[in-house]
Enquirer: 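Shown below is the structure under consideration.
Numbered from 1 within each chain, the chains take letters A, B, ... in sequence-line order. What's counted below: heavy atoms across the whole structure, side chains too, no hydrogens, waters or symmetry copies.
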Amino acid sequence: MRTHYCGQLRAEHVGETVTLFGWVNSYRDQGGVIFIDLRDRSGICQIVSDLSRTPQSFPIAESLKNEYVIKVVGKVSQRPADSFNPRLPTGEVEIYADELELLSALAPDEKSKDGNDVLLPFQVSSADPVKEEARLKYRYLDLRRERMSQNIKLRHQVVKSIRRFLEDQEGFIEVETPMLTRSTPEGARDFLVPSRVNPGEFFALPQSPQLFKQLLMVSGFDRYYQVARCFRDEDLRADRQPEFTQLDMEMSFMSQEEILELNEGLVCHILKQVKGIEVPRPFPRLTYAEAMDRYGSDKPDTRYGLELVDVSDLMKDSGFKVFSGAVASGGIVKVLPIPGGNDAFSNVRIKPGGDLFNEAASMGAKGLAYIRVRDDGDIDTIGAIKDNLSEEQKQELLKRTGATAGHLLLFGAGDAPTVNKTLDRLRQVIARELNLIDPDKINLLWIVEFPMFEWNADENRLEALHHPFTKPFDEDAHDLKTARAQAYDLVFNGFEVGGGSLRIYQSDLQQKVFETIGLSTEEAHNKFGFLLEAFKYGTPPHGGIAYGLDRLVMLLAGEESIRDVIAFPKTQQARCLLTNAPSGVDTKQLKELHIGVTQKPKA
RNA sequence: GGGAAUGUAGCUCAGUUGGUCUAGAGCGCCUGUCUGUCGAACAGGAGGUCGCGAGUUCGAAUCUCGUCAUUCUCGCCA
C-alpha cells in the first residue's frame, strides 16, 4: 500500500519507511550507485540504490529505464549536505530502496534489431516542444508531462473553487440538464443525434443549457448552476472547440447590479484560491457604445492604451475624398495613434502588400491611410492627404489624437463596423509588436448596455445580439429597435470569458421582441413554445450568466489555446487524433437508425 | 468555403542559387565505463520512403502542380 506521494516527502519524514509508486522520470547510473527520479502526480523524489547499502534492489535498479512504472519501499534519509537539490521541493531527502519492483516496463521498439530498444514518441520528462500532432495522438503521454499535468490540475482547482463558492457560500444548486435535446433555431449549427426509436427524427446536442436553466427558474430552484458541456458544430479556433465547457448560472429575483456583484465575488474567489491574486472591486465597466468608440471592440484588451479617436466630424469636409466620402455615406473616420510608431513601422508595411496593410485588408478595409509626425513636429503623409489638410485641421488632429513627435497615426475610413474591426485588429497587432502587453496583468471589465438588436444585412432583418429572451432596460422598452439590453459580458485581457443577461418574463414584452426580429407568433411557438407555455404559470424575474470555462482556465494557465487546458481536445479539422473519431459506422448501425449516407467516409 | 505557415531520424531542427547529400546536428535510444548524481559525464553504435503522388530536369529534400496532415486566420461562431 502506498504511504506517500513522491512530492510530499520532506526532512520531517527522515527515518520513516515509505512505500511509493510512480514512473521513472530520469535515471542516473553512477556505476556502484544508481539514482532514480521517481515521479507521480504530486512531484518528484530521488530514489537511491547502492551496491553496498541496498544490494537486494540493485539488480532491478540496473534494469530500469525512463517511464517504467515501479514500486519502491525504503527509508527516507537526509541527503548529504553537499548534495541537496534546491530545485526540488523534496531535494533535502532521498529514499534508499530496500525493495524495488518493476510493475510495468516499456514495450520494445518494433524496429529494434536486438529487441532491447524502447521507444517513446517523445520525451515525457523534458519540457522541449513537441509538435501538436504527436501530442494529440499520444495525449496520455502529453498529459504526463509537467505542463499539461499542471494545466489539468489547475482546471480542477478552478472548478473546485467555483463549487465551493457557489454551493457553500451562495446557496446555488447544481442541476443536470439533458444532453439529448431538441434542435434550437438561431445561433450555431447543431450536432444531431438520430433516434433509433423514433425513425427520421433527431435529437440535438445542447449549444448551451439556456432554455432549461430558465425553466429551472420557473420551477423555483432560485439559484442554479452547472458545469455544462456544450456543443456547436462550427469551425474551430485556438479558443473554440466543438465541445466546450460552460459554467452556467441562473438566478431569480436579482437585479443586474446584484448579479454582477455576485459574479465579481465569484471571479475574485477563483483568482484568490487558484492564483493567490487579489483583484480590486468593483470591476471597471464600459458601455458597449464606449467600448466600440474607444477600442473598436466589445471585448477590448485594456492592459494597454492605444485608444482610438473618432475624427469623423473633422474630416467630413476634408478635400481627401476617402475621408469625406466615408462620412458622407454614413460612415466614420477613426484614428489609431501610435506613440513611437513613426520609427517602428515603415511605409512598406503600411502600403499595399505590407503586413499591416494586409491585416487591415483582411478585416475588410480598402486602404490604410497614415500620417507620420516628424521630430520637428511637421507631418509626413501621402500628398492627397497633406494637400487637403488645412493648418487648423492639422493642429486639431494632432490635439485630439494627442500626437506628438514620433507618432504614427493610422486611419480607418468607411462603414463603422469595418473601421472598428480594422483598427481593433491593428491595435492588437501593434501592441504585441511594441511589447505594450504586460503578461502578468489581469484586466477584468464588464461590458454593459449592449444594444438589443443588430442589423443582419444578409437576411435583411434585425437580429438579437445576445438572444431573443434578453430583457431591455425598462426606460428603453418603448422603442425596442434602439433599446439597450440588460446584458453584460465579462472581458478578461481581451477575451470574452462570460456573458449573460436578465431575461424577459412577461409574455407581452416577449411577443414584441419576437415581432421586432421578424418572428411570427406561429414560428415563435414552433421554436420556443414550451418555454412560452412555462412562462404562463408564474414566472420569477430571472437572469443569468455563462462562463467559457476553457477560456478562463486558459488565461489563468497562461496558455494561448484552450486545447492546452482540455484533456482530450479535437484538432482544427474537428478530429480526435487519439481515437481517430469521427469515423464511419457499419451499414447495420445506419440501417437501424434509418439513415442513408450520401458521402463515403475517409479511409 | 477563402487566405497563410509548416511537414527532413523517435523528438526539436539545419540543409545556400537544383550538383560529394552516399542527407547532418542536438536530445532521446542501444552497448560500455564510472560509488553522490540530479539537464549526469565520458567512449562507441544503431537509426531516414526528406508527408504522399505526379511533373520539369542529365540530376530534385531543394523547382512546378496536385493531394494529405497540423497550426494561425477571414467567413462562421457568443
Side-chain angles (χ1 to χ4, degrees), chain A residues 25-37 44-53 58 65-67 79-88 90-91 94 106 108-138 141 186-189 207-208 210 230-242 244 246 298-299 355 358-359 361-364 421 425 447 450 454 458 464-467 470 487 489 495-501 545-548 551 560-561 563 570-573 575 577 602-603:
Chain A
N25 192 64
S26 76
Y27 175 88
R28 297 174 294 281
D29 184 347
Q30 291 288 306
V33 59
I34 291 168
F35 297 99
I36 298 154
D37 283 351
I44 283 172
C45 67
Q46 176 163 284
I47 312 295
V48 193
S49 184
D50 185 314
L51 202 48
S52 53
R53 283 184 62 173
F58 197 79
K65 294 174 183 181
N66 284 354
E67 300 308 316
R79 291 200 197 186
D82 59 348
S83 62
F84 280 18
N85 185 346
R87 287 195 301 272
L88 286 182
T90 59
E94 59 194 354
L106 297 195
D109 180 5
E110 287 164 16
K111 288 196 287 184
S112 161
K113 288 189 179 112
D114 55 9
N116 277 343
D117 294 19
V118 294
L119 187 62
L120 281 165
F122 47 82
Q123 288 163 252
V124 172
S125 57
S126 130
D128 291 347
V130 176
K131 71 163 94 73
E132 188 136 6
E133 213 170 333
R135 291 177 55 201
L136 292 177
K137 182 170 177 189
Y138 301 97
L141 289 181
E186 309 254 335
R189 295 182 183 90
Q207 295 183 20
S208 78
Q210 181 62 37
C230 305
F231 304 87
R232 291 176 191 167
D233 188 6
E234 296 293 345
D235 286 0
L236 287 75
R237 285 285 190 285
D239 64 349
R240 287 181 356 210
Q241 283 271 305
F244 62 101
Q246 281 187 350
D298 61 358
K299 46 183 169 70
D355 62 320
N358 288 343
E359 291 286 354
S362 76
M363 305 309 293
K421 267 165 60 181
R425 167 64 75 92
I447 306 295
F450 282 81
E454 171 176 69
D458 291 341
L465 196 67
H466 191 64
H467 57 58
T470 303
D489 277 0
F495 285 85
E496 182 203 322
V497 293
S501 65
I545 190 168
Y547 291 86
R551 284 184 192 171
E560 290 186 346
S561 166
R563 290 189 303 277
K570 309 280 187 285
T571 69
Q572 192 168 40
Q573 296 306 308
R575 303 195 65 87
L577 297 184
K602 294 184 187 180

Enquirer: Identify whether any heavy atom of A/A134 sits under 4.0 Å from a base atom; if not, whether one sits that close to sugar-phosphate; answer base, sugar-phosphate or nothing.
Expert: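 A/A134: no heavy atom of the nucleic acid under 4.0 Å.
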
Enquirer: Counting heavy atoms from C-beta on, name the nucleotide in B/G75, B/U12, B/U70 closest to the side chain of A/K421.
Expert: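 Of the options given, the side chain of A/K421 lies nearest B/G75.
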
Enquirer: Could you check whether A/R232 gets within reach of a base, just the sugar-phosphate, or nothing at all, counting any heavy atom under 4.0 Å?
Expert: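 Contact class for A/R232: sugar-phosphate only.
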
Enquirer: Looking at the side chain of A/H466, which of B/U71, B/C74, B/A78 is the nearest nucleotide?
Expert: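 Among the listed nucleotides, the one closest to the side chain of A/H466 is B/A78.
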
Enquirer: Select one nucleotide: of B/C34, B/A78, B/G36, the one nearest the side-chain heavy atoms of A/D29.
Expert: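 Given the options B/C34, B/A78, B/G36, the side chain of A/D29 is closest to B/C34.
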
Enquirer: Heavy atoms only, 4.0 Å cut-off, all strands: where does A/L577 land among base, sugar-phosphate and nothing?
Expert: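 If one applies the 4.0 Å heavy-atom cut-off, A/L577 turns out to touch the sugar-phosphate alone, with no base involved.
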
Enquirer: Give a yes/no answer on whether the side chain of A/R237 brings an N or O atom under 4.0 Å of OP1 or OP2 in B/C74.
Expert: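 So the side-chain polar atoms of A/R237 do come within 4.0 Å of the phosphate oxygens OP1 or OP2 of B/C74, strictly under.
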
Enquirer: Report the residues that fulfil salt bridge (Lys or Arg N to Asp or Glu O under 4.0 Å) with A/K570, sequence neighbours left out, ordered by chain and then residue number.
Expert: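 Once residues adjacent in sequence are excluded, the partners of A/K570 under the salt bridge (Lys or Arg N to Asp or Glu O under 4.0 Å) criterion are A/E243.
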
Enquirer: Just N and O in the side chain of A/K137: are any of them under 4.0 Å from OP1 or OP2 of B/G10?
Expert: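 For B/G10, OP1/OP2 do not have a side-chain N/O of A/K137 under 4.0 Å.
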
Enquirer: Within the structure, does a side-chain N or O atom of A/R563 lie under 4.0 Å from either OP1 or OP2 of B/C72?
Expert: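 Yes, because at least one side-chain N or O of A/R563 sits under 4.0 Å from OP1 or OP2 of B/C72.
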
Enquirer: Of the options B/G36, B/A78, B/U71, whose atoms approach the side-chain atoms of A/L136 most closely?
Expert: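 My answer, after comparing the listed nucleotides, is B/U71.
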
Enquirer: Restricting to nitrogen or oxygen on both sides, can you table the protein-nucleotides 26-29 of chain B pairs closer than 3.5 Å?
Expert:
| unit_1 | atom_1 | unit_2 | atom_2 | d |
| --- | --- | --- | --- | --- |
| B/C27 | O2' | A/Q123 | OE1 | 3.2 |
| B/C27 | O2' | A/Q123 | NE2 | 3.4 |
| B/G28 | O4' | A/Q123 | OE1 | 3.3 |

Enquirer: Please name all residues satisfying side-chain hydrogen bond (donor to acceptor under 3.5 Å, both in side chains) with A/D239, sequence neighbours left out, ordered by chain then number.
Expert: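 None.
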
Enquirer: Taking the minimum atom-to-atom distance to the side chain of A/E234, which one of B/C76, B/C38, B/C11 wins?
Expert: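 Closest of the options to the side chain of A/E234: B/C76.
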
Enquirer: Under 4.0 Å between a side-chain N/O of A/S26 and OP1 or OP2 of B/C38, yes or no?
Expert: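 No, because none of the side-chain N or O atoms of A/S26 sits under 4.0 Å from OP1 or OP2 of B/C38.
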
Enquirer: Taking any heavy-atom pair under 4.0 Å as a contact, classify A/R425: base, sugar-phosphate, or nothing.
Expert: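 Sugar-phosphate only.
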
Enquirer: Is A/F122 stacked on the base of B/C11, with ring centres under 5.5 Å apart and planes under 30° apart?
Expert: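 Taking the rule of under 5.5 Å and under 30°, the ring of A/F122 does not stack on B/C11.
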
Enquirer: Using a cut-off of less than 4.0 Å, is there contact between a side-chain N or O of A/K131 and OP1 or OP2 of B/G7?
Expert: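 No, because none of the side-chain N or O atoms of A/K131 sits under 4.0 Å from OP1 or OP2 of B/G7.
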
Enquirer: Under 4.0 Å between any heavy atoms, over every strand shown, what does A/Q572 touch: base, sugar-phosphate, or nothing? Just pick one.
Expert: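 Counting heavy atoms under 4.0 Å across all strands, the contact made by A/Q572 includes a base.
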
